[in-house]
Amino acid sequence: MNKTFTLHALAACSTLAPALSSHAAERPNILFVIADDQSYPHASAYGSTLARTPGFDFVAQHGWLFRNAFVTSPGSSPSRASILTGRYPWQIEEAGTHASSFPAEYECFSDILAENGYHTGYTGKGWGPGNWKVSGRKQNPAGPEYNESKLTPPYKGISRINYADNFRKFLARKEKNQPFYFWVGFNEPHRPYEKDSWEKEGRSTEEVVVPPFLPDKAAIRGDLLDYATEIEWCDSQLEEIIQTLKEAGELENTLIIVTADNGMPYPAAKANCFEYGIHVPLAICWLKEIDGQEVSDELVSSVDLAPTLFEAAGIKPSGKLEGNSLLPYLRKREAHTRRNSIMAGRERHSSARYDNLGYPIRALRTTELLYIRNFHPERWPAGAPCFITPDGELSKMHGAYFDIDNGPAWRFIVNNRDSADIYPYFLRATAKRPYEELYDIKADPGCLHNLIGNKAYEERLNNLRNEMDAALERTRDTRYDTDSDADVWESYPRLDGVIRSFPKP
């Protein structure tokens, strides 16, 4: 394990050095912090110059910083449902797709913690998008809502929710010595952004390292800095929350987890099982129980988080969880996280194809390789190129692709697709893909060079195929299980967001 932090991160962390108190409940408090659309490595503890994140860095400095943490889906709703249940998206029916419902039979860690005496709540974005009420649930799966406190945001696109003040109000309502669980669900850095907000922050485009799947152009650099501005806003709220814990004497015995639900809202990232769609930041600290300033390259899946919370709280859930508790590893009682690979997948993201069809993917990531299986390669991966307008007219070509978040970066690529240097990026985001893909992440983190057919990888590819088959069979994935109805996914209704019309293929 490498204990080296950037000087910037160390300096930032020192401003929040904890004042430890004698106050400590028998069971830990749990603070779960989740950003909306943030990729690894966009936090300064990782050495990134894109976003300055002293709050995140504090958690990393006083606990563990993970460089190989992955979500189980590159879309918000299924990823969050997977985190809450400790199951893969293909194991939780409607909750495993985007903007549908959340069957009440799948119990969440928020419910179980409340049943075991925890004061529970959330602010910002809990589980969503989707409709949990139609499933008979009484509250958002993340817990009781605390969103009454508002503020005037510094930029357009940033939520009016005052996350830090809502946490203070939540904390004031708990009973003395009662442990708490609180979900801080930032709405940022989800699009839209205020264009050129970075200029008001005194930033420079020279600070930007452009991911390899995006063209290195001024418009892209500026849009990335707007994304970073929203990451920094979230982090400032996290700093306030940490300060509140410190002042309340609760910091020492609070297990803090900071992560994201999926990757950045850019083409070939969010809504894709490529590296920048599923690889996310993760820092964990618990001052009372875990030694600090550790950096890990061990593989971690977001299904590991629920078992970790339960073990920390001394709870043995009755339902089956797919993940492994990280607590023995965090306490250095085990040398590894017991993972050789992680699994991820997606179904429908937005309404982006004829008959509201999805684009089913499963992915397996080891420390070096990413293997992807596209179950319907005849479909457009980012959505159809054009759609039928509400007036019944056919839109202009390349005016759709609704699985890509619209913004300056995407508009630059699609508007300049006829340029020889931009066209490859346009194809990377939109072109139809083969049934199988294989990428050497060490050499190709942008997932630009498919290695299927490369004889040098043939043995490893076969091993990955067998490993995926075994995992999907064990977890009873209908996309693999020939005795099940694979197309059941297409029957789950879209309950949040527009339903569009497309030409029949």
Side-chain angles (χ1 to χ4, degrees), residues 36-37 74-78 94 97-101 125 128-131 133-134 156-159 187 190-196 214 219-220 223 226-227 262 264-272 277 346-361 374 376-419 422-423 425-433 487-505:
D36 196 354
D37 298 359
S76 178
S77 182
E94 290 96 326
T97 192
H98 202 260
S100 190
S101 59
K125 180 178 179 179
N131 188 331
K133 294 179 181 179
V134 302
K156 296 175 184 177
I158 291 178
S159 170
N187 286 284
H190 194 287
R191 292 189 186 274
Y193 309 143
E194 180 177 318
K195 192 173 185 304
D196 299 331
L214 295 173
I220 305 296
D223 193 47
D226 288 338
Y227 156 75
N262 52 253
M264 59 200 299
Y266 288 79
K270 178 183 176 180
N272 291 274
R346 63 152 278 181
E347 290 291 332
R348 183 183 62 239
H349 185 69
S350 69
S351 176
R353 292 165 204 84
Y354 174 75
D355 204 23
N356 202 34
L357 295 173
Y359 190 81
I361 307 171
N374 300 303
H376 279 284
E378 78 281 4
R379 298 178 188 172
W380 295 100
C386 57
F387 70 109
I388 300 172
T389 70
D391 297 329
E393 301 293 328
L394 191 63
S395 73
K396 66 179 181 179
M397 193 66 174
H398 308 304
Y401 304 120
F402 291 110
D403 274 357
I404 300 175
D405 282 22
N406 192 20
W410 173 234
R411 289 195 294 271
F412 176 86
I413 291 172
V414 75
N415 291 339
N416 292 277
R417 65 187 180 277
D418 291 335
S419 299
I422 302 301
Y423 188 60
Y425 298 99
F426 173 74
L427 286 182
R428 179 70 249 168
T430 64
K432 290 183 178 180
R433 298 167 189 165
D487 287 334
V488 68
W489 291 100
E490 313 299 356
S491 72
Y492 297 143
R494 178 174 167 84
L495 301 175
D496 194 336
V498 300
I499 302 293
R500 303 180 180 94
S501 296
F502 296 87
K504 187 174 181 178

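Rounded to the nearest 0.5 Å, atoms CZ (Phe502) and CG (Leu394) are 11.0 Å apart. Here the CG-OG distance, from Asn356 to Ser491, works out to 11.0 Å after rounding to the nearest 0.5 Å. Atom CD of Glu194 is separated from atom CD1 of Ile158 by 8.0 Å, given to the nearest 0.5 angstrom. A distance of 12.0 Å separates CG in Asp496 from OG in Ser101, rounded to the nearest 0.5 Å. Atom CZ of Arg494 and atom OG of Ser350 lie 6.0 Å apart (nearest 0.5 Å). Note that OH of Tyr423 and CZ of Arg428 are 13.5 Å apart. Values are rounded to the nearest 0.5 Å.
Across all their heavy atoms, Ala429 and Ala382 have their closest contact at O-CB, 3.4 Å. Residues Arg353 and Pro381 share a closest heavy-atom pair of NH2-O, 3.0 Å. The heavy-atom pair separating Pro129 from Ser77 by the smallest distance is O-OG, 2.9 Å. Here the closest non-hydrogen pair linking Gly383 and Tyr401 is O-CD2, 3.3 Å. Closest of all the heavy-atom pairs between His398 and Val414 is O-CG2, 3.8 Å. Across every non-hydrogen atom of Cys386 and Pro503, the tightest pair is O-CD, 3.7 Å.
Every residue two or more places apart in sequence or in another chain that forms a side chain to side chain donor-acceptor pair (under 3.5 Å) with Asn406 is listed here: Arg411. In this view, Phe402 and Phe387 satisfy the ring pair (Phe, Tyr, Trp, His ring centres under 6.0 Å) rule, not counting sequence neighbours. Residues passing the ring pair (Phe, Tyr, Trp, His ring centres under 6.0 Å) test with Tyr266, sequence neighbours excluded: Tyr227.
For Asn131 (side chain) and Val134 (main-chain N/O), a donor-acceptor pair under 3.5 Å exists by modelled atom type. At least one donor-acceptor pair under 3.5 Å links the side chain of Ser351 to the backbone N or O of Arg500. Although no hydrogens or angles enter the test, the distance criterion places a donor-acceptor pair under 3.5 Å between the side chain of Asn416 and the main chain of Phe412. Thr389 places a side-chain N or O within donor-acceptor distance of the main-chain N or O of Glu393, the cut-off being under 3.5 Å. No donor-acceptor pair closer than 3.5 Å links the side chain of Ser100 to the backbone N or O of Thr97.
In this structure, Pro265 and Tyr193 have side chains that are in contact, with non-hydrogen atoms separated by less than 4.5 Å. Using a 4.5 Å heavy-atom cutoff, the side chains of Pro267 and Ile413 are in contact. Looking at heavy atoms from C-beta onward, Lys270 lies in side-chain contact with His190 at the 4.5 angstrom threshold.
Using a cutoff of 4.0 Å between basic side-chain nitrogens and carboxylate oxygens, Asp405 and Arg191 are not scored as salt-bridged. A salt bridge links Arg379 with Glu490: the distance from a Lys NZ or Arg NE/NH1/NH2 to an Asp or Glu carboxylate oxygen falls below 4.0 Å. Salt-bridge annotation for Asp226 and Lys156: absent, with no side-chain N of the basic residue lying under 4.0 Å from a carboxylate O of the acidic one.
Ring planes of Trp489 and Tyr492: perpendicular class, angle over 60° (limits at 30 and 60°). Note on ring orientation: taking the six-membered ring where Trp is involved, the planes of His98 and His349 are tilted (angle from 30° to 60°).
Within 6.0 Å of atom NZ in Lys133, 12 or fewer heavy atoms from other residues, nucleotides or ligands are found, so the atom counts as exposed in its surroundings.
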### side-chain contact (heavy atoms from CB on, under 4.5 Å) between Asp37 and Met264, intermediate numbers included
CA-CA 5 Å; Asp37 298 359; Met264 59 200 299; 5.8 Å; no

#### Entry: Audit row: Lys125, Ser76, side chain to side chain donor-acceptor pair (under 3.5 Å) steps and yes/no
CA-CA 10 Å; Lys125 180 178 179 179; Ser76 178; 2.8 Å; yes

### Task
Kindly determine whether Thr430 and Trp380 satisfy side-chain contact (heavy atoms from CB on, under 4.5 Å), including the steps that lead there.
CA-CA 7 Å; Thr430 64; Trp380 295 100; 5.7 Å; no

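For the side-chain hydrogen bond (donor to acceptor under 3.5 Å, both in side chains) with Arg346, the qualifying choice from Asp403, Asn262, Asn272 is Asp403, the only one to do so.
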